Amino acid sequence: MSTSHPVPDEGPIYDPTALELKWQRRWQERRTNEPDLQAATSPFYQLMMFPYPSAEGLHVGNVFAFAGADIHGRFQRLQGNSVFEPMGFDAFGIHSENYALKVGGHPMRLIPQNIGNFRRQLRRVGLMVDWKHELSTTDAKYYKWTQWIFLQLFKKGLAYKKKAAVNWCPNDKTVLANEQVENGLCERCGARVEQRFLEQWFFRITDYAERLLHNLEWIDWSESTKSAQRNWIGRSEGAEISFAIAGNDGPPLVVFTTRPDTIFGATYLVLAPEHPQVAAITTAGQSAEIEAYRVRTAKQDVVSRKMGESAKKTGAFTGSYATNPATGERIPIWVADYVLMEYGTGAIMAVPGHDERDFAFAQGYELPIIRVVAPDDSNANAPLAEAYTGDGRLVNSGMFEGVPATEAKSRVTEWMVGLSAAKPVVNFRLHDWTISRQRYWGPPIPIIYCDDCGAQPVPEDQLPVILPEIEDFRPDDTGISPLARHEEWYRVPCPKCGKLARRETDVSDTFLDSAWYFLRYPSSDFDSVPFDQTITRKWLPVNSYIGGNEHAVLHLLYSRFITMVLHDMGHLTFEEPYTRFRAHGLIIRDGAKMSKSKGNVVNPDEFIERWGADTFRTYLMFLGPFEEGGDFRDAGISGVRRFLDRLWKSAHDAHTDGEPDLAVMRKLQQTIRKVGEDTAKLSYNTAIAAMMEYMNVLRASERDAHRAEVEPLVQLVAPFAPHIAEELWELFGHEGGVFESRWPKYDPALVTVDEIELVVQVNGKVRGKVQAARDITQERAMSLARGDAGISRFITGEPKKIIFVPGRLLNIVV
RNA sequence: GCCCGAGUGGCGGAAUUGGUAGACGCGCUGCACUCAAAAUGCAGUGGCUUUCGGGCCAUGCGGGUUCGAGUCCCGCCUUGGGCACCA
């Protein structure tokens, strides 16, 4: 196959479309992308976040993410690993359901169409995906095990039911997610959103908060993602303090505070309107006002209730008083919607002097404001113009006068613990995970309600609970799931006593589907277990996971939680699912995120058709740092194509006469090292630049390359542009594909150059460069510098100081 | 408001982590090839200035540390993303 000399000028034309289809077909025939999961000796699990198969098809953002992950997977393969790179579809959920309603179709028929389209597009990108292990969360074979996972949590007491506030759109007759509410209006229809209380299933993720937080210290993840999780979990230390209610023998009011040191400044208490003790506390005279206030806040949607920053704080007085355990003073008890039932105890001690919200509220209702913390230099009794949240010493605080606030936190808590008025507690911002969805398109929650036996789990051997195909899956005004209207499905015998009972009609959240999919891929051909123990031990945890930071909290946190639970139940040997996670950046266009409303969406099909998948993949990676994303501009793609054209030509024109050029071979060694290092750390843009640079050397002055100069470059380019690499590898006469080969080794002796350009500065300014040996001494360098006319003219006096960085720089200070 | 991140030529972006700022690519200019154009190849390309040797200015703005700062420190400005009454 080696080319004879002289080379004919006209070689075959680089036709990416034909060539790419040829290799995609051949990979399929040869099962190139299907590692032997049982026998693999050096398994490497390269995971990418599976897509939601929308009707619009694959998005450039998807291609960017998948190509980036694929390049890493292919690189690992060239390092000699057996790489498993699976793909699947996250196809349940409200998006699919709403889309089906909109076009008047049924998700059971629409989803397969969308998946088919996605699969076709994904194949065209040339990913190293093992399609034998493809999965869809909507497949009963898959969601059988999603339901199984629900049952495991139920068994362990981690799944429970309680009433919770949800956003309800009266027009669409449905529960909305927080992100579907904009300024209190439904994102889709514009109707005013209400708050409703519905019975919902929850997972007790808060039981795992401490562990989820703690493991972040050691897992190898992008810092930005870890920090997002830390903030989301939101651990805060403080105390619960009990306030006795004056003239009321009932239980005391318990508040949570992170500032027990400010207790002497607590001039009133505030309860959330939904707080269970509100009714008991309210006096007869105030009950009408309190009731009116509660009705008013209940009408608000959940989101705008929490968005009150700019809005005026409102509230109502209960008529009752509590006793401040520190001062013994009577302080009024109020109800206000700025206190949330979900956080802490749903009640706070208000310290208006040192909390902005309390300050605003106290001003509005003319409640007393007392300063109890003062910076060292200020007057303790000067009136406050705004809440002081800074550091300082306690004032107006009885026996704690003058104690630094930071120190006072624990001292005041200890003192009150002694009075049985407080206990130290840790609180988390993280809430339990709402699993229920009052919708149709999801896996039914496997629970049966019996009048005698209560909520019973569906026995595991009766899974899956099949989602029935019903034509009328439109949600209605009742807030009850559409499945409840399907009588023959809804009525079932109780698994315990056999009496007629009713199925749970809620389906589960899509985040549950995706919380465990990585466990299923390697075991997708096992029907009797969710994941096979031997295979799982071999392939998991995932070696490399790449995905977007839009899933930094929910998906990644939920899948960590589910993994921990399964670990604790003995189903898994590890408790963290992803050894290494890297967040990729966002592809933008014209300075903005691509979106239909902005009209700046790029259709990947057109680009692949015009330029080829290899060029498109490589171009996307060349836009900018993979972990930061980049700006997509049509213009730049021609440069990448030109690079591949030149590679094509170089390979076809390569000769085998004589020896390769030493200078070129040196550059090649440096390139092998650079591309290897950069690709490993996902610095794809600089890896590509290094290959282009080498190409410029290779073809400088229209020289024809020696085959030994080109062949390794074909391997370097293979992760980025796998099709052309295969074709050229075959051209060079190799029997197996390029991905059967090993990443080229570089010769360390050739990487380092002996002759260097030593930079000479005078007073920190570059004044010249001298050719010198790499290991030149300072003395020798000085005399070279003095001998250089361009440099010596700046050396106006005796050197005061000489800085010499061996092999790099000489700086003469005069 | 809070938490992350980013500001470098006409443009996308490099810079061994304190040591030649602008790699690589796009665009632009010139030349070669061509009847011509496209494609391709070669050369040039931060700004100002120059007696053509060079000189000065330049990494969002203002200070500082250092022989030396895009990189470190202090104070601002702009911008992208995420979260949001979390007590």
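Computed from a predicted model, the values in this text were never measured in an experiment. Just so it is clear: chains get the letters A, B, ... in the order the sequence lines come, proteins before strands, and each one is counted from 1.
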With heavy atoms under 4.0 Å as the rule, sort V805(A) into base, sugar-phosphate or nothing. base

At under 4.0 Å between heavy atoms, what does L623(A) touch on the DNA or RNA strands: base, sugar-phosphate, or nothing? sugar-phosphate

Per the glycosidic torsion and the 90° limit around 0, nucleotide G9(B) is syn

Quick one: classify the glycosidic conformation of U8(B) as syn or anti, with syn meaning within 90° of 0. anti

Atom pair distance, as rounded to whole Å: NZ in K226(A) and P in G5(B): 13 Å

Taking atom C1' in both C35(B) and G12(B), compute the distance separating them and give it to the nearest angstrom. 39 Å

For the C1' atoms, the ones on G41(B) and on G9(B), what distance do you get once it is rounded to whole angstrom? 26 Å

Centroid-centroid under 6.0 Å between F720(A) and Y684(A) rings: yes

Nearest heavy atom decides the nucleotide; on that basis, is T686(A) or S236(A) closer to the 5' end of RNA chain B? T686(A)

Testing G19(B), A21(B), C24(B) for proximity to the side chain of F622(A), the answer is C24(B)

Parallel under 30°, tilted from 30 to 60°, perpendicular over 60°: which one fits the rings of W433(A) and Y558(A)? parallel

Contact class for Q761(A) vs. all strands (heavy atom < 4.0 Å): base, sugar-phosphate, or nothing? base

Value in whole Å for how far the P atom of C24(B) lies from CD of Q670(A): 14 Å

Could you check G53(B) for me: syn (within 90° of 0) or anti? syn

Assess K667(A) against Y694(A): is NZ or CZ under 6.0 Å from the centre of the six-membered ring, and within 45 degrees of the ring's axis? no

Taking atom C1' in both G30(B) and G54(B), compute the distance separating them and give it to the nearest angstrom. 25 Å

Hey, does V759(A) reach any base, or is it just sugar-phosphate, or nothing, if we go heavy atoms under 4.0 Å? base

Rounding to an integer number of angstrom, what distance separates C56(B) and G60(B) when you compare their C1' atoms? 22 Å

Take atom C1' in A69(B) and the same atom in C74(B), then report the distance between them in whole Å. 15 Å

C52(B) and C77(B): how far apart are their C1' atoms, nearest whole angstrom? 41 Å

Look at the side chain of N324(A) and the backbone N and O of I263(A), then say whether any donor-acceptor pair between them is shorter than 3.5 Å. yes

Measure from the side chain of L340(A), starting at C-beta and using heavy atoms only, and say which of C86(B), C24(B), G12(B) lies closest. C86(B)

Parallel, tilted or perpendicular: which fits the ring planes of F64(A) and F626(A), with parallel below 30° and perpendicular above 60°? tilted

For T257(A) and G629(A), take the nucleotide of RNA chain B holding the closest heavy atom to each; which residue's nucleotide lies nearer the 5' end? G629(A)

Using atom CG of N811(A) as one end and atom C1' of G18(B) as the other, report the distance to the nearest whole Å. 13 Å

Taking atom P in both A58(B) and G10(B), compute the distance separating them and give it to the nearest angstrom. 16 Å

What integer number of Å spans the C1' atoms of U50(B) and G55(B)? 8 Å

Under 4.0 Å between a side-chain N or O of N696(A) and OP1 or OP2 of G25(B)? yes

Is the phosphate of G54(B), meaning OP1 or OP2, less than 4.0 Å from a side-chain N or O of R767(A)? no

Check if the side chain of E356(A) and the base of G1(B) share a donor-acceptor pair of N or O atoms closer than 3.5 Å. no

To the nearest Å, give me how far apart CE (M695(A)) and P (G41(B)) are. 11 Å

Per the atom types in the model, does the base of U40(B) pair as donor or acceptor with the side chain of R642(A) at under 3.5 Å? no

Distance to the ring centre below 6.0 angstrom and angle to the axis at most 45 degrees; does that hold for R582(A) and W221(A)? no

L644(A) CG to G25(B) P: how many Å, rounded? 13 Å

Looking at N549(A), does any N or O in its side chain come under 4.0 Å of the phosphate oxygens OP1/OP2 on C4(B)? no

Looking at Y388(A), does the NZ or CZ of R371(A) lie under 6.0 angstrom from its six-membered ring centre and within 45 degrees of the ring axis? yes

